[in-house]
Amino acid sequence: MEAKFFRFLKIVGVGFKARAESEGRLLYLKLGYSHEVELTVPPAVRVFCFKNNVVCCTGIDKERVHQFAAAVRSCKPPEVFKGKGIMYIDEVIKKKEGKRSK
């Protein structure tokens, strides 16, 4: 399978990790929940993990690659106060400031 389309995801947060198993068919995410999140990768998509905080979704069908990347991102979308969560590499998060003390 020659991969033409890529989508890189960055995982930001203390203890947040990802690992791919069985030749890119399963993706396990540790996102601060009491359990690991297990995602099954669709047939036209492969997943690779660089380090343990960068995930690459690749494949020949652009729509399926982007759809799976969006499904991974929806497991823990980036939050606006600390910037933790799963985001695309080229995504910019506008951070809000917290409560002001008097």
Which atom names give the shortest non-hydrogen contact between I11 and A18, and what distance separates them? CD1-CB, 3.5 Å

Atom of G85, atom of F16 and distance for their closest heavy-atom approach: N-CE2, 4.2 Å

Output for pair (F48 CZ, E23 CD), nearest 0.5 Å, gives 10.0 Å

Would you indicate whether Q67, at its atom CD, is surrounded by more than 12 heavy atoms from other residues, nucleotides or ligands within a distance under 6.0 Å? no

Should F6 and V54 be counted in the same cluster of Ile, Leu, Val, Met, Phe, Trp and Tyr side chains packed under 4.5 Å apart? yes

What do you reckon, is CD of E63 surrounded by more than 12 foreign heavy atoms closer than 6.0 Å? no

Which pair of heavy atoms, one from A71 and one from S74, lies closest together, and at what distance? O-OG, 2.8 Å

Whether the side chain of R25 engages the backbone of A20 through a donor-acceptor N/O pair (distance < 3.5 Å, no angle test) should be reported. no

Please check this pair: side chain of R19 against backbone of K30, looking for a donor-acceptor N/O pair closer than 3.5 Å. no

Side-chain heavy atoms nearer than 4.5 Å, only ILVMFWY residues, links allowed to pass through others: does that put F8 and V45 together? no

Note: Y33 and C75 closest approach over all heavy atoms is OH-O, 3.0 Å

Any chain of hydrophobic side-chain contacts (each under 4.5 Å) joining V37 to V55? yes

Work out which heavy atom in V65 is nearest to a heavy atom in G59; give both atom names and the distance. CG2-N, 3.5 Å

Between SG of C49 and CG of L29, what distance do you get to the nearest 0.5 Å? 8.0 Å

Is it the case that the side chain of T58 and the backbone of F5 share a donor-acceptor pair, with hydrogens and angles ignored and the cut-off at 3.5 Å? yes

Restricting to non-hydrogen atoms, name the atom on R64 and the atom on A44 that form the minimum distance, rounded to 0.1 Å. NH1-CB, 3.5 Å

To the nearest 0.5 Å, atom NE2 of H66 lies from atom CG of D61 at 9.5 Å

Could you list the donor-acceptor pairs under 3.5 angstrom formed by side chains in residues 86-97, with sequence neighbours left out?
| residue | atom | partner | partner atom | Å |
| --- | --- | --- | --- | --- |
| E91 | OE1 | R73 | NE | 3.4 |
| E91 | OE1 | Y88 | N | 3.0 |
| E91 | OE2 | R73 | NH2 | 2.7 |
| E97 | OE2 | R100 | NE | 2.9 |
| E97 | OE2 | R100 | NH2 | 3.0 |

Just to verify, which of V72, V47, L26 counts as forming a side chain to side chain contact (heavy atoms under 4.5 Å, CB included) with V41? V47

